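Worksheet for the structure shown next.
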Amino acid sequence: MIGYLLVILSIILDILILNIFGYQMNNITLFYPMFTIVTLSLVYRLFSEDKRYIKLVLVTAIIYGALILNNISLALILFSIVAYLTYISCQYKNESIIISVLKTILIVIIYDIVFYLILVFMRYISFDIYTLSYKLKYSIVLNTVYSIILYYVTLIVLKYRNP
């Protein structure tokens with residue numbers, strides 16, 4: 001239940017931050033929070049069944065695609081990649097803050113690069129390594145800070161769930 005609540009709050013935070021700090025360069029939002037994606041990668045530990053987590057990812061992708069990306073199919077593809085990377089990384093049960101931050105950085109980088117390449121492939125934007133690196137720099141910092149906060153929130157939830 002708390003996993004669903006965290007995802008809903010992250011979607012709201014994504015929308016608020018995008019509307020307040022959404023700065024664009026070459027049709028790319030540079031100050032781009034990916035709190036929902038980071039949340040999905042960190043709340044996996046809160047689910048005892050993979051089926052419930054997959055349903056959460058699919059529903060979240062549809063909502064995120066409709067509200068933020070304006071492209072549900074693109075959101076489904078990107079969120080499926082995030083879910084797969086999360087599943088692979090969570091095979092190791094000893095998840096520390098360092099592993100969590102590294103996982104967040106990896107997921108943010110992969111998400112940003114895949115999203116950027118899809119936009120280039122669809123000829124929505126032209127390829128510019130400077131814009132991509134600039135976006136990655138700010139995305140990594142913002143989302144890493146959020147992942148550290150969320151890591152401790154999930155740790156507290158797990159502590160109270162399994163005393």
Side-chain angles (χ1 to χ4, degrees), residues 2-46 53 56-57 60-61 63-65 67-71 74-90 92 94-122 124-158:
I2 192 74
Y4 298 109
L5 182 63
L6 288 172
V7 169
I8 291 168
L9 290 174
S10 68
I11 290 172
I12 293 168
L13 272 174
D14 273 340
I15 293 169
L16 288 174
I17 299 285
L18 273 173
N19 285 326
I20 295 171
F21 298 109
Y23 172 71
Q24 287 196 342
M25 173 190 270
N26 297 338
N27 293 330
I28 298 288
T29 304
L30 296 177
F31 196 67
Y32 193 78
M34 290 186 264
F35 299 154
T36 305
I37 290 137
V38 171
T39 301
L40 285 174
S41 71
L42 293 177
V43 299
Y44 179 80
R45 303 182 302 161
L46 301 177
Y53 178 74
L56 174 67
V57 169
T60 305
I63 294 168
Y64 194 87
L67 294 177
I68 297 172
L69 289 182
N70 295 327
N71 190 331
L74 179 60
L76 286 169
I77 292 168
L78 293 171
F79 278 56
S80 297
I81 292 169
V82 169
Y84 181 71
L85 292 172
T86 300
Y87 174 75
I88 289 172
S89 68
C90 285
Y92 308 103
N94 298 333
E95 186 165 330
S96 66
I97 185 69
I98 295 170
I99 299 292
S100 181
V101 166
L102 290 174
K103 179 172 67 170
T104 297
I105 292 170
L106 180 67
I107 286 174
V108 166
I109 289 171
I110 290 172
Y111 179 92
D112 268 346
I113 290 174
V114 169
F115 184 65
Y116 188 81
L117 291 176
I118 288 172
L119 291 178
V120 168
F121 180 72
M122 293 172 38
Y124 183 71
I125 59 171
S126 59
F127 184 79
D128 181 14
I129 195 73
Y130 174 75
T131 304
L132 177 62
S133 63
Y134 195 78
K135 181 180 183 319
L136 279 172
K137 178 173 60 173
Y138 288 104
S139 292
I140 289 171
V141 171
L142 176 66
N143 292 297
T144 301
V145 170
Y146 177 75
S147 75
I148 291 169
I149 294 167
L150 190 63
Y151 174 81
Y152 286 111
V153 169
T154 58
L155 202 62
I156 292 168
V157 169
L158 286 171

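Worth saying up front: this structure is predicted, and the values here are computed from it rather than measured.
Under the rule for a side-chain hydrogen bond (donor to acceptor under 3.5 Å, both in side chains), Tyr53 has no partner lying at least two apart in sequence or in another chain. For Ile12, the side-chain contact (heavy atoms from CB on, under 4.5 Å) partners two or more places apart in sequence, or in a different chain, are Ile8, Leu16. Ile129 pairs by the side-chain contact (heavy atoms from CB on, under 4.5 Å) definition with Phe127, Leu132, not counting sequence neighbours. Partners of Leu76 under the side-chain contact (heavy atoms from CB on, under 4.5 Å) rule, at least two apart in sequence or in another chain, are Leu58, Ala61, Ile62, Ile72.
Residue pairs meeting the salt bridge (Lys or Arg N to Asp or Glu O under 4.0 Å) criterion with at least one member in residues 112-121, sequence neighbours excluded: Asp112-Lys135. Sorted by first and then second residue, the salt bridge (Lys or Arg N to Asp or Glu O under 4.0 Å) pairs involving residues 98-108 (not counting sequence neighbours) are Glu95-Lys103.
The nearest pair of heavy atoms linking Leu56 to Val43 is CD2-CG2, 4.4 Å. The two residues Val108 and Met34 have their closest heavy-atom pair at CG1-CE, 3.3 Å. When all heavy atoms of Leu85 and Ile110 are compared, the closest pair comes out as CD1-CD1, 3.7 Å. Between Val153 and Leu6, the closest heavy-atom pair is CG1-CD2, 4.1 Å.
With values rounded to the nearest 0.5 angstrom, Thr104 atom OG1 is found 11.0 Å from Ile37 atom CD1. Here CD1 of Ile140 is found 12.5 Å from CD1 of Ile107. Values are rounded to the nearest 0.5 Å. One finds the CD1 atom of Ile77 at 11.5 Å from the CZ atom of Phe115 (value rounded to the nearest 0.5 Å). Atom-to-atom distance recorded for Ser80:OG and Tyr87:OH is 15.0 Å, nearest 0.5 angstrom. Once rounded to the nearest 0.5 Å, the distance linking CG of Asp14 with CG of Leu67 reads 10.5 Å. For the atom pair OG1 of Thr144 and CG of Leu102, the computed distance is 9.0 Å after rounding to the nearest 0.5 Å.
In summary, of the residues considered (Ile105, Leu142, Ile97, Leu42), a side chain to side chain contact (heavy atoms under 4.5 Å, CB included) with Ser147 occurs for Leu42 alone.
At a threshold of 4.5 Å between non-hydrogen side-chain atoms, the residues Leu9 and Phe35 do not count as touching. Under the 4.5 Å side-chain criterion, counting only non-hydrogen atoms from C-beta, Thr86 is not in contact with Leu40.
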Q. Would Tyr111 and Ile81 satisfy side-chain contact (heavy atoms from CB on, under 4.5 Å), going step by step from the backbone distance to the final call?
A. CA-CA 8 Å; Tyr111 179 92; Ile81 292 169; over 6 Å; no
Evaluate the criterion side-chain contact (heavy atoms from CB on, under 4.5 Å) for residue pair Tyr146 and Leu13; output intermediate values, then yes/no.
CA-CA 11 Å; Tyr146 177 75; Leu13 272 174; 4.1 Å; yes
Evaluate the criterion side-chain contact (heavy atoms from CB on, under 4.5 Å) for residue pair Val57 and Val82; output intermediate values, then yes/no. CA-CA 9 Å; Val57 169; Val82 169; over 6 Å; no
Does the pair Val38 and Ser10 meet the rule for a side-chain contact (heavy atoms from CB on, under 4.5 Å), with working shown?
CA-CA 9 Å; Val38 171; Ser10 68; over 6 Å; no
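For the residue pair Ser96/Tyr151, the side-chain donor-acceptor check at 3.5 Å is not satisfied.
For the pair Tyr124 (side chain) and Ile118 (backbone), a donor-acceptor distance under 3.5 Å is absent.
Open room surrounds CD1 on Ile98; 12 or fewer heavy atoms of other groups in view lie less than 6.0 Å from it. Surrounding OH of Tyr4 are more than 12 heavy atoms belonging to other residues, nucleotides or ligands, all under 6.0 Å away.
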